[in-house]
Amino acid sequence: MARHLITSALPYINGIKHLGNMVGSMLPADVYSRYLRQRGHDVLYICATDEHGTPAELAAKEQGIPVAEFCAQAHDAQKAVYDGFALAFDYFGRSSSEQNVEITQHFARRLNENGFIEERAIRQVYSPTDGRFLPDRYVEGTCPHCGYDKARGDQCENCTRVLDPTDLINPRSAISGSTDLEVRETKHLFLLQSKLQHEVEEWVSRHEDDWPQLASSIARKWLNEGLHDRAITRDLDWGVPVPADTWPELAAEGKVFYVWFDAPIEYIGATKEWADLDPENRDWKSWWYDVDTTVRYTEFMAKDNVPFHTVMFPATELGVREPWKKVDYVKAFNWLTYYGGKFSTSQKRGVFTDQALDILPADYWRYFLIANAPESDDSSFTWEHFTATVNKDLADTLGNFVNRVLSFSKKRFGEEVPAGGEPGAAEAKLGEEIARLLAEYEQQMEALQFRKAAAALRALWSAGNSYLEEKAPWLEIKTDKDGAALTLRTAMNLIHLYAVVSEPFIPATSAAMRQAFALPSDTATWISADEARTLTALTPGIPFTVPPVLFAKLTDEDLENYKERFGGSPE
């Protein structure tokens with residue numbers, strides 16, 4: 001089987017993330033990783049908190065604690081939420097790790113040796129009020145391209161255009177709010193991306209036809225506009241230090257590398273963190289170094305991160321002139337909005353991941369988010385849509401099927417899988433339908449088409465309900481007890497199949513369904529087409545229990561309470 005390296009965009013350290021962040025990178029990466037593991041592939045799923053840059057310093061300053069302490073606390077808080085969502089990372093690291101410092105500095109030295117880094121004197125924003133140079137994110141103002149008045153000095157989050165602080169209209173300090181800003185001369189390191197333009201173009205051209213249109217169009221847009229040399233150092237107290245053995249003057253001034261230079265390298269750094277926990281059995285380089293044809297690398301990210309991963313980081317990797325693994329497939333997502341507007345912590349609009357888990361178990365959110373993933377366009381979260389999806393798909397289609405099959409069988413046949421007669425035409429028809437739908441589900445998962453995969457999974461659940469309605473064992477038992485027993489045994493085998501193949505989407509629920517049956521040895525990691533046609537994993541006499549209600553239906557009162565707490569449609 002193949003070896004699959006999977007990474008999702010590193011979540012910023014400052015604060016718990018909202019549902020849009022979850023569905024835009026980490027959750028689909030987890031679903032895909034789980035699926036690949038079930039199919040027998042060797043998978044390494046790596047992520048980490050992105051801890052450098054101004055967001056960390058500003059958040060720590062606001063709390064009045066050292067930035068290192070803030071990052072340690074925030075990392076643990078984020079990891080707890082991701083554990084709550086059952087994200088099965090192989091390792092969730094930290095970009096402030098010693099391993100990332102070591103590898104980032106190695107990359108910088110190699111780029112310098114190869115002529116792709118240059119020290120330049122530049123004019124930078126200085127705040128007399130704050131007594132310091134202001135890195136890009138420490139400067140806020142109005143975007144010159146779209147007029148958004150909260151644009152940062154590195155990028156406008158509204159139109160995604162990359163900016164320099166001096167581009168902003170009416171700039172102000174993010175630290176003090178002072179508009180008394182000056183422009184002074186200072187020195188920084190620049191990555192000469194312009195010298196790598198043609199190499200990046202050639203590399204992108206070999207991959208863009210395979211990528212989603214969203215990813216390839218963003219990469220091509222950047223390349224068509226031309227790659228510019230960009231500063232990769234900043235005046236910050238927190239970050240990967242510029243190595244003194246190569247740039248002693250800048251190191252003495254306390255320069256650190258720009259967060260978007262070291263953050264993608266943390267994918268490699270986190271893998272080394274993982275390997276260093278068990279160096280005798282783990283080899284981090286076997287996933288990253290000189291493995292172009294033996295490892296398939298898939299990245300998951302929202303569209304605002306695409307330029308950095310399809311252009312800037314590949315330029316860095318190409319420039320070091322070493323055989324580091326570059327991404328094979330970029331799964332890019334549009335944005336999840338809240339009633340068509342932006343999620344906002346300050347305005348208390350939208351659902352954040354810790355709040356979501358306080359309301360309902362993770363599987364409710366996992367299924368809804370993936371079934372409505374913003375793949376082809378932005379999608380809007382509404383409580384009405386969420387409630388309808390939970391009630392129809394999870395409570396009625398899947399949960400009700402499991403409950404009524406097991407409850408009815410227990411009542412009429414006891415607490416063991418009943419025997420009944422031999423399968424007939426209805427069972428053969430069902431088997432073919434399940435095999436067809438399972439093949440569709442597999443095809444969409446392989447293609448990373450998550451909404452279509454969710455639709456195929458939903459169709460698998462619906463097929464069981466259709467079979468049950470057709471056979472009607474509650475009527476069948478009055479005239480053909482063996483026939484009713486066969487129907488229920490077949491339906492129980494469907495429950496077991498659902499438990500196995502639904503695991504990437506709803507792992508906790510899948511475990512509950514699987515544990516309902518006391519199989520002597522249940523080692524199934526997947527169900528083949530032939531197994532789906534015959535549905536014989538559960539034989540007569542196997543004990544079973546009726547699990548608690550898998551999914552509670554949400555009421556109109558629940559809906560109104562959610563809207564009141566989190567806000568409804570934007571005015």
Query raised in the report: Do Thr509 and Tyr367 have side-chain atoms, one donor and one acceptor, less than 3.5 Å apart?
Result: no
**Report entry** Within the 6.0 Å centroid threshold, strictly below: Phe107 and Phe261
**Finding:** no
Query - Under 3.5 Å side-chain donor-acceptor pair for Gln99 and Asp276 - result: yes
Query raised in the report: Would you call Asp290 and Lys285 a salt bridge, taking side-chain N to carboxylate O under 4.0 Å as the test?
Result: no
**Report entry** Ring centre gap for Trp365 and Phe85 strictly below 6.0 Å
**Finding:** no
Query raised in the report: With a 4.0 Å cut-off, would you call Arg132 and Asp235 a salt bridge?
Result: no
Query raised in the report: So, Glu299 and Lys331, do they make that salt bridge, N to O below 4.0 Å?
Result: no
Report summary line: Checking Lys255, Gln124, Glu253 against Thr186 for side-chain hydrogen bond (donor to acceptor under 3.5 Å, both in side chains), the one that qualifies is Lys255
Query raised in the report: Do Glu322 and His106 meet the criterion of a side-chain donor-acceptor pair at a distance under 3.5 Å?
Result: yes
Query raised in the report: Will you find, in the side chains of Tyr498 and Arg514, an N or O donor that is under 3.5 Å from an N or O acceptor?
Result: no
Query raised in the report: Do Tyr441 and Gln443 meet the criterion of a side-chain donor-acceptor pair at a distance under 3.5 Å?
Result: no
Report task. Say whether Ser97 and Glu273, considering side chains only, have a donor N or O and an acceptor N or O under 3.5 Å apart. Result -> yes
Report task. Salt-bridge test for Glu140 and Arg152: reply yes if a basic N is under 4.0 Å from a carboxylate O, no otherwise. Result -> no
Report task. Give, for atom CG of Leu5 and atom OG1 of Thr294, the distance between the pair rounded to the nearest 0.5 Å. Result -> 10.5 Å
**Report entry** Carboxylate-amine/guanidinium proximity below 4.0 Å for Arg366 and Asp30
**Finding:** yes
Query - Modelled atom types, side-chain donor and acceptor of Asn100 and Ser95, under 3.5 Å - result: no
Query raised in the report: Excluding sequence neighbours, so at least two apart, what forms side-chain contact (heavy atoms from CB on, under 4.5 Å) with Lys221?
Result: Arg161, Glu225
Query raised in the report: Can the ring centroids of Tyr267 and His309 be said to lie less than 6.0 angstrom from one another?
Result: yes
Query raised in the report: Using a distance-only test with no angle check, is there a side-chain donor-acceptor pair under 3.5 angstrom linking Asp378 and Thr337?
Result: no
Requested in this report: Inspect the contact between Asp50 and Arg94 and indicate whether a charged nitrogen and a carboxylate oxygen are less than 4.0 angstrom apart.
Outcome: no
Query - Spacing of Leu214 atom CG and Glu375 atom CD [to the nearest 0.5 Å] - result: 10.5 Å
**Report entry** Aromatic ring proximity, centroids under 6.0 angstrom, Tyr297 and Trp288
**Finding:** yes
Query - Side-chain H-bond candidate by donor/acceptor type, Gln193 with Gln197, under 3.5 Å - result: no
Requested in this report: Mind checking side-chain contact (heavy atoms from CB on, under 4.5 Å) for Asn114 and listing every partner two or more places apart, or none if nothing turns up?
Outcome: Arg110, Phe116, Arg321
Query raised in the report: Between Glu317 and Lys325, is there a salt bridge with N-O shorter than 4.0 Å?
Result: no
Query raised in the report: Do His4 and Asp42 meet the criterion of a side-chain donor-acceptor pair at a distance under 3.5 Å?
Result: no
Requested in this report: Nearest 0.5 Å please: distance from the CG atom of Leu457 over to the CG atom of Leu438.
Outcome: 10.0 Å
Requested in this report: Check the side chains of Ser205 and Glu202 for a donor-acceptor pair under 3.5 angstrom, ignoring hydrogens and angles.
Outcome: no
Requested in this report: Ignoring hydrogens and angles, state whether a donor on the side chain of Tyr35 or Glu442 is under 3.5 Å from an acceptor on the partner side chain.
Outcome: no
Query raised in the report: Of all residues at least two apart in sequence or in a different chain, which pass the side-chain hydrogen bond (donor to acceptor under 3.5 Å, both in side chains) check with Asn305?
Result: none
Query raised in the report: So, for Trp247 and His188, is the gap between ring centers shorter than 6.0 Å?
Result: no
